[in-house]
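Remarks on the structure that follows.
Chain identifiers are assigned alphabetically (A, B, ...) following the order of the sequence lines, protein sequences preceding nucleic acid strands; residue numbering begins at 1 within each chain.
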Amino acid sequence: MTAALYLPGDWDAMQAAVQAWASAALAPAVPVIWAKQRISPTGAISTIGAPTPARPYALLDLLTPPTQTGQAERRTAGIAVVFDAPSADAEIYTLVINGVAIPHASPSGAGPFTAEDVRDGYQALLEGLGMDALVEIRPTPGYPAALTLTPAQTDPPVVFAAGTDNVSLKTPLAYFGDELCTFTIEVVTTYPQSAVGAVSTLRLALESESALELLRAGGWAAIDVLSVQERDLTWAGLWEDRSSLDFRLGCRSRRIELQDYIETSEIVGALTA
Amino acid sequence: MPMPFANLGPHVLAQFGRAAAITVERPTAGTFSADGYFAPGAGTLTLAMDAAVMPARAEEMEALPENERTREGILIFTLEALRVSSVSARTQADIVTWAGRKWVVASVEDWTAQAGYASAIALGIE
């Protein structure tokens, strides 16, 4: 079963699902790239001055960011496990809730892991134990959102009590809402290739059950085709054909407010220097 | 083929006041990965060139694409042509370091075969 994805925490994965859907629909002839390229935080060159791929290619862009529609629904979950990572090299071994130890085994046995890895791992563990829980990771400001998990060691562990800066259990209030956002995808071809044909393929893929699975796995539903536009122009002495498809996708958002402590908890582990 | 005009390169640079050598960073070929983002090439070739550099005029900036016209631009004369990004070679545009800042090459007029010089317009990125 695919884990449900929610805004705003899963936005990167949801965006990637849209790109994967478009790539699958147009593959292998038309590569799908993002109109707004990622600027590398390191390196002087990064992606400045990057070329486009050779035509044909498709440019995917977000036209309007997610906007909430209607009233959010408020739900109360059983508990929330909140980690405040004390440092970038924190080692977390075992979460203890009411005396019950819940060890977290990393998926690959090697780090470093992102906060999302830790959250997903504990979320799955707690759900497996039948606990109605929401896990949030809150890295300490000033440190990167990456934790390093290592196998349990035999050294005497350091125990952090609830309410310290390490782990706590709180009553969460979760607000579930519906959001809509609009994407556009523009296909660029040269004569005699047809951009309209590629856009028609995309439009059909918005109605195909197998293609929709990719979007649903990415947390998307409520799909609307808004408009199809066709325009061609001359560029560098060639007939360039462009056609675009605007479509709207609906998704769920989940925002959590944490209330007072309700249980005692501790995390057993050790902090590296 | 003989150069149809005189080799004007040294005269062009002298006429416009040869600046200290500029540094050119020339990225190697990159690729678009499956997730739709451009992954730059692993390496960068760093070149030192003699150049004459001056502010780009408004008329020259107007020849640039719409979203680049209002940026700060410089006009660079060199003996060897700078490079804009290339679709076929999958390379990014040259990055020029001049006056302590970095500039990305946005357009090039390559007269090296005819007259021994080239000019380029580069836009400030830092």
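With chain B as the partner, the residue from A:Ala20, A:Pro51, A:Gly49 showing the most heavy-atom pairs under 4.5 Å is A:Pro51. Heavy-atom pairs under 4.5 Å with chain A peak, among B:Gly30, B:Ser85, B:Ser88, at B:Ser85.
Atom-to-atom distance recorded for B:Asp35:CG and A:Asp12:CG is 11.0 Å, nearest 0.5 angstrom.
Enclosure of atom CZ in B:Arg69 by more than 12 non-hydrogen atoms of other residues, nucleotides or ligands within 6.0 angstrom is indicated. Residue A:Arg203 places its CZ atom among 12 or fewer non-hydrogen atoms of other residues, nucleotides or ligands, all under 6.0 Å distant.
When heavy atoms are compared at a cutoff of 4.5 Å, A:Pro31 does not approach chain B at all. With a 4.5 Å cut-off on non-hydrogen atoms, A:Ala54 touches chain B through its backbone and its side chain both. Heavy atoms closer than 4.5 Å to chain A are found in the backbone of B:Thr91, but not in its side chain.
For the pair A:Thr52 and B:Phe32, the tightest heavy-atom approach, listed with the atom from each and the gap, is C-CE1, 3.9 Å. Listed here is the closest heavy atom pair of B:Ala34 and A:Ser23: O-OG, 4.4 Å.
Between the side chain of A:Gln37 and the backbone N or O of B:Gly36 there is at least one donor-acceptor pair closer than 3.5 Å.
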